[in-house]
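The structure appears right after this line, and notes come after that.
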Amino acid sequence: MVKPDIHTLAHHLKQERLYVASEKQLIQKLNSDVLKTSERLCRAAWIAKQQRINLDRLILTSAEASPAECCQHAKMLEDTQFVDGYKTLGFQETIYGEFLARMRENPRLVASCLVAGERLNQEHTQGVIHTVFTSLYGNCIMQEDESYLLQVLRYLVEFELKENDNPRRLLRRGTCAFSILFKLFSEGLYSAKLFLTATLHEPIMQLLVEDEDHLETDPAKVTERLTPAQQERFGEKGSDGYKQRVQAAVEANEAKLVALVNKFIGYLKQNTYCFPHSLRWIVSQMYKTLSCVERLEVGEVRTMCTDLLLTCFICPAIVNPEQYGIISDAPINEVARFNLMQVGQLLQQLAMADADADPRRKSSLSKFDKSCVAAFLDVVIGGRAVETPPMSSMNLLEGLSRTAVYISHNQLLVLVDFVRSVMAGDHLREEEHMALETLLANVPQSRTVKSNSLELTPSNTPQLSPATTPANKKNRLPIGQHLAAITSWDPTTTSLSAHIPLVTPFGG
């Protein structure tokens, strides 16, 4: 009896060993697949955001970027090849990796450097802000990066907005570090896309279907877009009949716009339940911080919060719904685009104090309940403000830790030079100055940088700089272990040249 039992036991143990070995191999394969997929995700996100910055530069600052130049850069981004950073940096990749890791883990210092750079009028500040988002915080794909960036935004409220004499004007310009980072963050936030789609898809589709006329409310422009035959129906220009018909057209357009805007506001209120927690947190922090400033009235702070949400988040999606994925199958013609802009402008005017509102829209604004937008803000900033940034409720990458920085060689050099110039200035606190000195102690002096790190010029092609996992997170799965090297166009030789990228270990 004993012998068969031993044979049976040996057989079962052998089967169990084979099973365990098979499961281990499967887990290793799954881990490898996760790493490869996450690496592809990080690379695709890096290229996509660079393409978006390229597109925005063409649309918003076309005087500085010609269509040919932006198309050339877009093609280069499509052909981007990523390589390990050590091939460019050599043994210095560890030094740069340590520098990037310590910067990433210190949101207060990052915010202080950005504000100091703006006060020093550093020419590369805007490019560095883009690099901070796309490279240092990896487009906020990882939960940890999102948490760090939210803290950077909170410190920017404290150091930039709170200290400014006219923070509202600063926000409305949209060129300060806080505005740029908020826009970059909200554009890429998955929960923000869900909210915008749930809120705006239906009213935008209704606008596209229902109206074929320009909803112009300026009497001087009502007949400008009409055909000669349509203009004849208004009678002789300047006559009493002409003025009456123009006024009737303006009133009819105002009525249609008021109905449309009320529809948009209704959907905003209806979908506040899915408003992104991270955006709710930063707006609440902004309200809480600025409400403590004596020179600012609470009403003015509320207006600034509403302005931020509408100008930097909701209205851009109304005007360009295709870019935000809200509408993908319906063409938007010139008439529809104009009407969408009218809706966006009216929403922004509703957020303003009466003294700041456009007098030309006084008639339209008088038809609204002034508390309609305020009710939306109350929901957003309501509740107890907590100090810690919220964790994303839909993070499918939980358990992964990013171990690579995707950054071009030129961006890295510009970032280091920027930090050095900030340290040389007198806009940092003593402890921040000392922290930068420690960070830069071993970082080599970089070569002269020819252009802005994110200027979309042919000489700037992407590269990456990876970093190792911090010691206390070695048990997490690593992401993006390769740095990006890009094929770039060298304008001095008008020929293609390969730029080899950097790989820098994070932490130690």
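Since the structure is predicted, the reported quantities are computational estimates derived from the model, not experimental observations.
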Non-hydrogen side-chain atoms of Val298 and Tyr287 separated by less than 4.5 Å: yes
Side chain Thr438, main chain Met434, donor-acceptor under 3.5 Å: yes
Other residues, nucleotides, ligands: >12 heavy atoms within 6.0 Å of Glu430 CD: no
Beyond-backbone contact of Leu156 with Val152, side-chain heavy atoms, under 4.5 angstrom: yes
side-chain contact (heavy atoms from CB on, under 4.5 Å) between Ile59 and Asn320, intermediate numbers included: CA-CA 12 Å; Ile59 295 172; Asn320 295 299; over 6 Å; no
Thr272 side chain vs Lys269 backbone, donor-acceptor pair below 3.5 Å: yes
Gap separating the CD1 atom of Ile265 from the CG atom of Leu260, nearest 0.5 angstrom: 11.0 Å
Atom of Tyr137, atom of Met103 and distance for their closest heavy-atom approach: OH-O, 3.9 Å
Residue pair Lys183, Asp56: steps toward the salt bridge (Lys or Arg N to Asp or Glu O under 4.0 Å) verdict: CA-CA 12 Å; Lys183 184 172 183 293; Asp56 287 345; 3.7 Å; yes
Geometric cation-pi criterion Arg52 and Tyr324, 6.0 Å radius, 45° cone: yes
Chi angles and distances behind the side-chain contact (heavy atoms from CB on, under 4.5 Å) call for Leu194, Cys274: CA-CA 8 Å; Leu194 290 180; Cys274 62; over 6 Å; no
Distance (rounded to the nearest 0.5 Å) between Arg168 CZ and Glu300 CD: 6.5 Å
Side-chain heavy atoms of Glu69 within contact of His73, under 4.5 Å: no
Criterion salt bridge (Lys or Arg N to Asp or Glu O under 4.0 Å) on Glu432 and Arg429, from CA distance to verdict: CA-CA 5 Å; Glu432 292 165 348; Arg429 299 168 183 79; 3.0 Å; yes
Shortest non-hydrogen contact from Ile141 toward Ala45: CD1-CB, 3.3 Å
Value rounded to 0.5 Å, distance of CD in Gln345 from CG in Leu340: 11.0 Å
Check: Met423 main-chain N/O paired with His433 side-chain donor or acceptor under 3.5 Å: yes
Minimum side-chain heavy-atom gap Leu308-Phe313 below 4.5 Å: no
N/O donor-acceptor pair under 3.5 Å between Thr125 side chain and Gln122 backbone: yes
Criterion side-chain contact (heavy atoms from CB on, under 4.5 Å) on Leu309 and Phe376, from CA distance to verdict: CA-CA 10 Å; Leu309 288 175; Phe376 169 67; 4.1 Å; yes
Ala317 backbone acceptor or donor facing Gln323 side chain under 3.5 Å: no
Residue pair Glu187, Lys49: steps toward the salt bridge (Lys or Arg N to Asp or Glu O under 4.0 Å) verdict: CA-CA 10 Å; Glu187 283 177 349; Lys49 182 56 75 174; 3.6 Å; yes
Sole candidate of Thr131, Leu89, Val405 that passes side-chain contact (heavy atoms from CB on, under 4.5 Å) when paired with Leu412: Leu89
Donor-acceptor pair, side chain of Ser291 and main chain of Lys288, under 3.5 angstrom: no
Aromatic ring pairing Phe195/Phe275, orientation class (parallel under 30°, perpendicular over 60°, tilted between): perpendicular
Aromatic ring pairing Trp46/Phe82, orientation class (parallel under 30°, perpendicular over 60°, tilted between): perpendicular
Any side-chain heavy-atom pair of Tyr96 and Val416 under 4.5 Å: yes
Result block: side-chain N/O donor-acceptor pairs under 3.5 angstrom for residues 114-121, not counting sequence neighbours:
| residue | atom | partner | partner atom | Å |
| --- | --- | --- | --- | --- |
| Glu118 | OE2 | Ala177 | N | 2.7 |
| Arg119 | NH2 | Phe159 | O | 3.0 |

Expected output: side-chain Asn442 to main-chain Ile95 donor-acceptor under 3.5 Å: no
Main-chain N/O of Gly325 paired with Ser328 side-chain donor or acceptor, under 3.5 Å: no
CD on Glu294 to CG on Leu296, rounded to 0.5 Å: 10.5 Å
Inter-residue atom distance Cys305.SG - Gln285.CD, 0.5 Å rounding: 11.0 Å
Residue pairs, two or more places apart or on separate chains, that pass salt bridge (charged side-chain N to carboxylate O under 4.0 Å, His left out) and touch residues 311-324: Glu322-Arg337
Min side-chain heavy-atom separation Arg280-Val379 under 4.5 Å: yes
Leu189 and Glu146: CA distance, side-chain angles, deciding distance, side-chain contact (heavy atoms from CB on, under 4.5 Å) verdict: CA-CA 9 Å; Leu189 194 62; Glu146 181 179 322; 4.0 Å; yes
Salt bridge (Lys or Arg N to Asp or Glu O under 4.0 Å) between Glu98 and Arg102, intermediate numbers included: CA-CA 6 Å; Glu98 183 74 19; Arg102 299 287 82 82; 2.5 Å; yes
Flag side-chain contact, heavy atom, 4.5 Å: Phe264 against Ile204: yes
Among Thr311, Val343, Ile314, side-chain contact (heavy atoms from CB on, under 4.5 Å) partner for Gln348: Thr311
Ionic contact status for Arg43 with Glu39, cut-off 4.0 Å: yes
Atom of Tyr155, atom of Ala111 and distance for their closest heavy-atom approach: CB-CB, 3.6 Å
Side-chain heavy-atom pair Val443, Leu439 within 4.5 angstrom cut-off: no
Closest contact, heavy atoms only, Ile381 versus Ser284: CA-OG, 3.7 Å
Ser191 versus Pro276, closest heavy-atom pair with distance: OG-CB, 3.5 Å
Glu297 atom CD: more than 12 heavy-atom contacts under 6.0 Å: no
Closest heavy-atom pair and its distance - Leu58, Cys70: CB-SG, 3.7 Å
Donor-acceptor pair, side chain of Ser179 and main chain of Thr175, under 3.5 angstrom: no
Check: Gln411 side chain, Ser408 main-chain N or O, donor-acceptor pair, under 3.5 Å: yes
Point-to-point distance, once rounded to the nearest 0.5 Å, from CG of Leu150 to SG of Cys140: 7.0 Å
